[in-house]
Each structure stands twice: as structure tokens, then as C-alpha cells.
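Just below is one structure, and these are the notes that go with it.
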Amino acid sequence: MGTITRNAANNFTTGGVILPAAINDTSVASISELENVAAGGAMTLISEQTASGSASIEFTSGIDSTYPIYRFEFINIHAGTAGAEFQFQSSTDGGSNYNVATTTTMFQAYHKEDDTENALAYSTTHDSAQSTSFITIGFNNYTDNDNNLSGTFIFFNPSSTTFVKHFISTTNNLHNDTVNLIQNMYMAGYANTTSSINAIKFIMSSGNIDSGTIKLYGIKGD
């Protein structure tokens, strides 16, 4: 028993941290989904699209009953027109129409580079009430070479035929308003339909999505 105990102890530092040498194919052979252990739900990449002067980015496949949660990641979204708003709408007919009645709420925090101004405020001009138009995720997107938007958008149980469909979005963008500032936007709401949502479309309120990547992930339940 003493030998076994000493051998086991050799796998740890004096601070109780497991050594890299103790982790090998044998020690983790029985773990089939390591990401499930770490995060409580495996996140699987379904598809990704990269814009290049694109009028829109649509996801018309991959959103179904396979996963209870779908997550979009926005990476370096760059506007083609100064001041454009990054927006979305959902569809219940595979993308033939994007006009689901949607209600949202939004607030923002921002801080200027030169430390002259900062604020936290509810964005009354960017919320929506049963709107069938495109819904704003992030605003004040400018065209300077280093200006961009990144963030996440999470849709919950879009295939439900019982409940409305909730979503939460958090985005960050750098933009130039005389002085560069960082803006953090929090948007949440629901698509007011009990029909399955099976397509999502992203656009700029004016002009194109000049560049950037959107990735779609499915997340398993617990």
C-alpha cells in the first residue's frame, strides 16, 4: 500500500496540482466527452460563414430539434456603411420569409479611449415591441479599418411548438465618434411564435457586411 501511495503522490506537485505526465490515454480512456465534464454541455460547430461585401448572412439549415440551444458567435464583423446597425430576423419557413413578431430590450455601456466620457443606459431607440422588421443586435458600426463588432447570440429551443423562443445577445464594438470608444451592448427578447424557427438572417441596416465570420454551434443539454 505504501508503494501505491507513493506512486500516486508522485503525480502531484507539492501544491496539490496534477502533473501533465499523469494524464495519458489510459487515464482518460473512460471519458467520452471531456467538454461535457468541464462545461456541462458539449458545444458542436454546425457551420460557419464568412462575409465579403455580403448583403446578408443566412443560416437556413442546421437549426432543428437536434439541440435545445443554438449559439452564434460573431467574429470581427465590419460594416460597409458608417453608422449601420447589425441586425437579425428569424423564419419559420426555412428562410422564405423573415418576419416573426419579436419583442426585445437593450442596454449599453460605453467608455471613450481618452477617458472623457462613459455611461450605462437603457437604449430606448433600439428595443422593439412585436416588430416584424429586422431587430438590432449592435449599433454604431463604423468603417474605420480597425472598427469591428464581436459577440454572441444564443437562441433557446427554437424547435418548440409550445413556447415562444427566447434569445440573449451580448456584443462589443469599437467605433469612432470623434474619439474611439468601446461599446458593450446587451440585448434579449423573444420571438412570439409557437411555430418552429428554422432559419436566421443577419444584415446591416444599410449597406453590406463588409467582412467578418459568423459561427453556428449546437449545445447539448445537461
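Since we're looking at a predicted model, the values are computed, not measured. No hydrogens, no waters, no symmetry mates; every other heavy atom, side chains included, goes into these values.
A donor-acceptor pair under 3.5 Å links the side-chain atoms of Asn184 to the main chain of Thr171, judged by distance alone. Under a 3.5 Å cut-off, the side chain of Ser150 and the backbone N or O of Asn76 do form a donor-acceptor pair. Of the possible polar contacts, one joining the Asp93 side chain to the Ser96 backbone as a donor-acceptor pair under 3.5 Å is found. Side-chain atoms of Asn198 come within 3.5 Å of backbone atoms of Gly94 as a donor-acceptor pair (strictly under, hydrogens ignored). Of the possible donor and acceptor atoms, none in the side chain of Asn180 sits under 3.5 Å from a partner among the backbone N and O of Glu113. Between the side chain of Asn173 and the backbone N or O of Phe139 there is at least one donor-acceptor pair closer than 3.5 Å. For Thr143 (side chain) and Ala79 (main-chain N/O), no donor-acceptor pair under 3.5 Å exists by modelled atom type. Looking only at distances, a side-chain donor or acceptor of Ser160 sits under 3.5 Å from a matching main-chain atom of Thr162. Formation of a donor-acceptor pair under 3.5 Å by the Lys201 side chain with backbone atoms of Ala199 is not found in this model. Side chain of Lys165 to main chain of Ser195: a donor-acceptor pair is present (N/O by atom type, distance under 3.5 Å, no hydrogens or angles).
Atom CG of residue Asn148 and atom CD1 of residue Ile75 lie 11.0 Å apart, to the nearest 0.5 angstrom. Between Thr136 atom OG1 and Met185 atom CE the span is 10.0 Å, to the nearest 0.5 Å. Note that the CD1 atom of Ile137 and the OG1 atom of Thr170 stand 11.0 Å from one another [nearest 0.5 Å]. The CD atom of Gln183 sits 8.0 Å away from the OG atom of Ser123 when rounded to the nearest 0.5 Å. Rounding to the nearest 0.5 angstrom, the gap separating the OG atom in Ser131 from the CD atom in Gln89 is 7.0 Å. The distance from the OG1 atom of Thr102 to the CD1 atom of Ile135 is 5.0 Å, given to the nearest 0.5 Å.
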(request) Report the C-alpha separation of Thr104 and Met106 in whole Å, then their side-chain angles, then the decisive distance to 0.1 Å, and conclude whether the side-chain contact (heavy atoms from CB on, under 4.5 Å) test is met. (result) CA-CA 7 Å; Thr104 66; Met106 176 182 276; 5.8 Å; no
(message) Between Ser196 and Ser159, is the side chain to side chain donor-acceptor pair (under 3.5 Å) condition met? List the steps.
(response) CA-CA 4 Å; Ser196 296; Ser159 294; 4.8 Å; no
(message) Show, in sequence, the C-alpha distance, side-chain angles and deciding distance for Ile203 and Ile209, and conclude whether the side-chain contact (heavy atoms from CB on, under 4.5 Å) test is met.
(response) CA-CA 7 Å; Ile203 65 168; Ile209 304 173; 5.5 Å; no
(request) Using the ring-ring contact (aromatic ring centres under 6.0 Å, His included) rule, take Tyr122 and Phe107 through it: C-alpha gap first, then chi angles, then the decisive distance, then the call. (result) CA-CA 4 Å; Tyr122 184 80; Phe107 68 93; 8.0 Å; no
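For Thr213 and Thr50, the side-chain atoms include at least one donor-acceptor pair closer than 3.5 Å. Between the side chains of Gln87 and Ser205, not a single donor N or O lies within less than 3.5 Å of an accepting N or O. Between the side chains of Asp64 and Tyr70, at least one donor-acceptor pair of N or O atoms lies under 3.5 Å. At a cut-off of 3.5 Å, with distance as the only test, no side-chain donor of Thr194 or Thr161 sits close to an acceptor on the other residue.
The hydrophobic clustering, which links ILVMFWY residues whose side-chain heavy atoms are closer than 4.5 Å, places Ile154 and Ile200 apart. No path of Ile, Leu, Val, Met, Phe, Trp and Tyr side chains, each step under 4.5 Å between heavy atoms, connects Met204 with Tyr142, placing them in separate hydrophobic clusters. Residues Ile63 and Phe134 do not share a hydrophobic cluster, defined by chaining ILVMFWY side chains whose heavy atoms lie under 4.5 Å apart. Note on Val100: it does not cluster hydrophobically with Met187, by side-chain heavy-atom contacts below 4.5 Å among ILVMFWY residues. Taken together through direct or relayed side-chain contacts under 4.5 Å among Ile, Leu, Val, Met, Phe, Trp and Tyr, Ile69 and Phe163 form parts of separate hydrophobic clusters.
Side-chain contact between Tyr67 and Ile219 is absent, with no heavy-atom pair separated by less than 4.5 Å. Looking at heavy atoms from C-beta onward, Phe155 lies in side-chain contact with Ile197 at the 4.5 angstrom threshold. Between Thr44 and Tyr217 there is no side-chain heavy-atom pair separated by less than 4.5 Å. In this structure, the side chains of Ser54 and Asn208 stay at 4.5 Å or more apart for every pair of heavy atoms. Counting only heavy atoms from C-beta outward, the side chains of Phe59 and Ile214 approach each other to under 4.5 Å. Residues Ser47 and Leu216 form a side-chain contact, since some pair of their non-hydrogen atoms from C-beta on lies under 4.5 Å apart. Considering only heavy atoms from C-beta on, Ile77 stays 4.5 Å or farther from Asn141 through its side chain. Two residues are said to be in side-chain contact when any heavy atoms from C-beta on lie closer than 4.5 Å; Leu181 and His175 meet this criterion.
Ring-plane geometry between Phe88 and Phe202 is classed as tilted, the angle between the planes lying from 30 to 60 degrees on a 0 to 90 degree scale. Ring geometry, Phe153 versus Phe167: the interplanar angle falls under 30°, so the pair is classed parallel (tilted spans 30 to 60°).
Pairing each heavy atom of Gly95 with each of Thr60, the nearest pair is CA-CG2, 4.5 Å. Pairing each heavy atom of Gly62 with each of Ile46, the nearest pair is O-CD1, 3.7 Å. When all heavy atoms of Asn147 and His78 are compared, the closest pair comes out as O-CD2, 2.7 Å. Shown here for Pro68 and Pro158, the closest heavy-atom pair between the two residues is O-CD, 4.2 Å. Across all non-hydrogen atoms, the minimal contact from Gln130 to Ala101 is NE2-CB, 3.7 Å. Listed here is the closest heavy atom pair of Ala84 and Ser206: CB-O, 3.6 Å.
The salt bridge (charged side-chain N to carboxylate O under 4.0 Å, His left out) contacts involving residues 114-141 comprise Lys112-Glu117, where partners must be two or more places apart or lie in separate chains. Under the salt bridge (charged side-chain N to carboxylate O under 4.0 Å, His left out) criterion, the residue pairs touching residues 73-90 are Arg71-Glu73, with sequence neighbours excluded.
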